[in-house]
Amino acid sequence: MSVVRISVWSGPRNVSTALMYSFRQRSDTAVVDEPLYAHYLAATGVEHPGRDEVLAAQDTDGERVVRDVILGPSTRPVLFLKNMAHHLVGLDWAFLSELHNVILTRDPAEMLTSYIKQVPNPTLEGTGLPMQVRLLDAILDEGQDPLVLDSRLLLTDPRSVLSKLCDRIGIPFEEAMLTWPAGPKPEDGVWARFWYESVHRSTGFAPYRAKDEPVPERLIPLLTQAQPLYQRLAAYAIEP
């Protein structure tokens, strides 16, 4: 069976889990939740909520995960892989040529105020933005048109944005992608109890609402570094 492999390379708090749930509703798609998370934690030593549980639950050998999971067998003709862009650290990127790589980004002024609830002292690398820009450049260097989703545009008109994404990947859009049952999903990673509370209450993409919560003063230097990276990515975002 020929498998269409879609990997979303997201940053944290970018509605990536909602996007995974959306693809999970398709009639032809299997989904995998952050298969490279333990690799990332082991490679960087970074502290995240539930770190020990993640390391115990997943293979920490990133190259083996690429071989056995990302490029491995699929039970369905479409395989959707929810990944974080910063989880690409320390890997040979040759496997990316086997995937439809989708970059999912979000305005850091909105992302950071959510992210610090789980990671109080975020770093620029931890936002995923530097790795997303590296990936964008690699795609452009290959002469390809990048697939970029901006979470604001996705939430503004999910039907239109997802329809255009599916068309560019070469799969049909399915109306079922717009809703899902509330609650945990069997594919959720062991980290779900730390990160997925709000998405477990959802039954579809929540309408976009601008956040009025200010970025803490101590994070303004980080925001200043992050904004131009986000703007570079947003220039390629699929419009509704």
Side-chain angles (χ1 to χ4, degrees), residues 1-46 48-105 125-126 128 131-132 134-135 138-139 142 144 146-147 149 165-166 169-171 177 180 184-196 199-200:
M1 177 177 65
S2 178
V3 178
V4 176
R5 301 176 191 273
I6 303 166
S7 179
V8 166
W9 300 103
S10 182
R13 317 315 284 166
N14 285 11
V15 304
S16 59
T17 306
L19 187 61
M20 179 177 74
Y21 288 178
S22 168
F23 271 83
R24 182 180 182 273
Q25 292 300 107
R26 293 178 57 90
S27 60
D28 58 0
T29 301
V31 302
V32 180
D33 193 9
E34 297 189 36
L36 291 166
Y37 197 175
H39 155 76
Y40 167 73
L41 294 177
T44 63
V46 71
H48 270 201
R51 172 185 166 86
D52 291 343
E53 294 171 63
V54 178
L55 291 172
Q58 286 187 322
D59 191 344
T60 59
D61 185 330
E63 298 294 352
R64 188 160 56 215
V65 172
V66 168
R67 183 191 68 214
D68 295 345
V69 179
I70 295 177
L71 300 182
S74 174
T75 58
R76 294 190 175 183
V78 178
L79 179 64
F80 178 94
L81 302 137
K82 174 196 158 195
N83 281 301
M84 294 291 115
H86 41 295
H87 293 181
L88 280 165
V89 63
L91 294 176
D92 180 345
W93 285 22
F95 75 98
L96 295 178
S97 64
E98 305 293 320
L99 311 174
H100 294 274
N101 296 290
V102 180
I103 299 172
L104 174 61
T105 192
E125 290 298 328
M131 199 70 84
Q132 286 181 323
R134 279 186 57 195
L135 180 57
I139 292 168
E142 292 292 323
Q144 300 175 11
L147 298 171
L149 297 181
L165 175 66
C166 289
I169 291 172
I171 59 176
M177 298 175 71
W180 51 82
K185 311 297 183 287
E187 297 88 352
D188 289 347
V190 296
W191 50 88
R193 67 188 182 94
F194 300 103
W195 298 90
Y196 293 1
V199 75
H200 282 168

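Considering only heavy atoms from C-beta on, Arg193 comes within 4.5 Å of Glu53 through its side chain. When side chains are defined from C-beta on, Val78 counts as touching Ile6, because their heavy atoms get closer than 4.5 Å. Between Ser27 and Arg76 the shortest side-chain heavy-atom distance does not fall below 4.5 Å.
The heavy-atom pair separating Pro186 from Arg24 by the smallest distance is CD-NH2, 3.3 Å. A pairwise comparison of heavy atoms in Ile169 and His100 identifies O-CE1, 3.5 Å as the closest pair. Pairing each heavy atom of Pro73 with each of Asp68, the nearest pair is CD-O, 4.0 Å. Phe194 approaches Gly50 most closely through the heavy-atom pair CE1-CA, 3.4 Å.
Under the 4.0 Å criterion applied to side-chain N and carboxylate O atoms, Asp59 and Arg64 are assigned as salt-bridge partners. Here Arg5 does not pair with Glu98 in a salt bridge; the nearest charged N to carboxylate O distance is not below 4.0 Å.
For the pair Asp33 (side chain) and Gly189 (backbone), a donor-acceptor distance under 3.5 Å is present. Of the possible polar contacts, none joining the Gln25 side chain to the Trp180 backbone as a donor-acceptor pair under 3.5 Å is found. A donor-acceptor pair is defined here as one N or O able to donate and one able to accept, closer than 3.5 Å; such a pair exists between the side chain of Arg13 and the backbone of Trp195. Between the side chain of Thr29 and the main chain of Arg26, no donor-acceptor pair closer than 3.5 Å is present. Side-chain N or O atoms of Glu63 include one that pairs as donor or acceptor with a backbone N or O of Asp92 at under 3.5 Å. Using modelled atom types, one side-chain atom of Ser22 and one backbone atom of Met177 make a donor-acceptor pair closer than 3.5 Å. Remark: the backbone N or O of Leu104 is paired with a side-chain donor or acceptor of Gln132 at under 3.5 angstrom.
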Next on the checklist: Val66 vs Leu71, test: side-chain contact (heavy atoms from CB on, under 4.5 Å). Steps then yes/no.
Outcome noted: CA-CA 6 Å; Val66 168; Leu71 300 182; 4.1 Å; yes
Checklist entry - What's the verdict on side-chain contact (heavy atoms from CB on, under 4.5 Å) for Ile70 and Leu36, showing C-alpha distance, side-chain angles and the deciding distance? => result CA-CA 9 Å; Ile70 295 177; Leu36 291 166; 3.8 Å; yes
Next on the checklist: Under the criterion side-chain contact (heavy atoms from CB on, under 4.5 Å), I'd like the reasoning laid out for His200 against Asp188: C-alpha separation, chi angles, the key distance, then a yes or no.
Outcome noted: CA-CA 10 Å; His200 282 168; Asp188 289 347; 2.8 Å; yes
Next on the checklist: Is there a side-chain contact (heavy atoms from CB on, under 4.5 Å) between Thr105 and Leu149? Walk through the geometry before answering.
Outcome noted: CA-CA 6 Å; Thr105 192; Leu149 297 181; over 6 Å; no
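Using modelled atom types and a 3.5 Å distance limit, the side chains of Thr17 and Lys82 yield a donor-acceptor pair.
Ring pair His87/Tyr37 is parallel by interplanar angle, where below 30° counts as parallel and above 60° as perpendicular.
Rounding to the nearest 0.5 angstrom, the gap separating the OG atom in Ser74 from the CG atom in Asp28 is 9.5 Å. Between atom OG of residue Ser16 and atom CH2 of residue Trp9 there is a gap of 12.5 Å, rounded to the nearest 0.5 Å. In this structure, the separation between CG on Leu88 and CG on Asn83 is 7.0 Å, given to the nearest 0.5 Å. To the nearest 0.5 angstrom, Ser7 atom OG is 8.5 Å from Leu135 atom CG. Here CG of Leu79 is found 4.0 Å from CG of Leu81. Values are rounded to the nearest 0.5 Å. Taking CZ from Phe80 and OH from Tyr21, the interatomic distance works out to 12.0 Å, rounded to the nearest 0.5 Å.
Judged by the 6.0 Å and 45° rule, Arg51 forms no cation-pi pair with Trp191.
Here Val46 pairs with Tyr40, Leu41, Thr44, His48 under the side chain to side chain contact (heavy atoms under 4.5 Å, CB included) rule; sequence neighbours left out.
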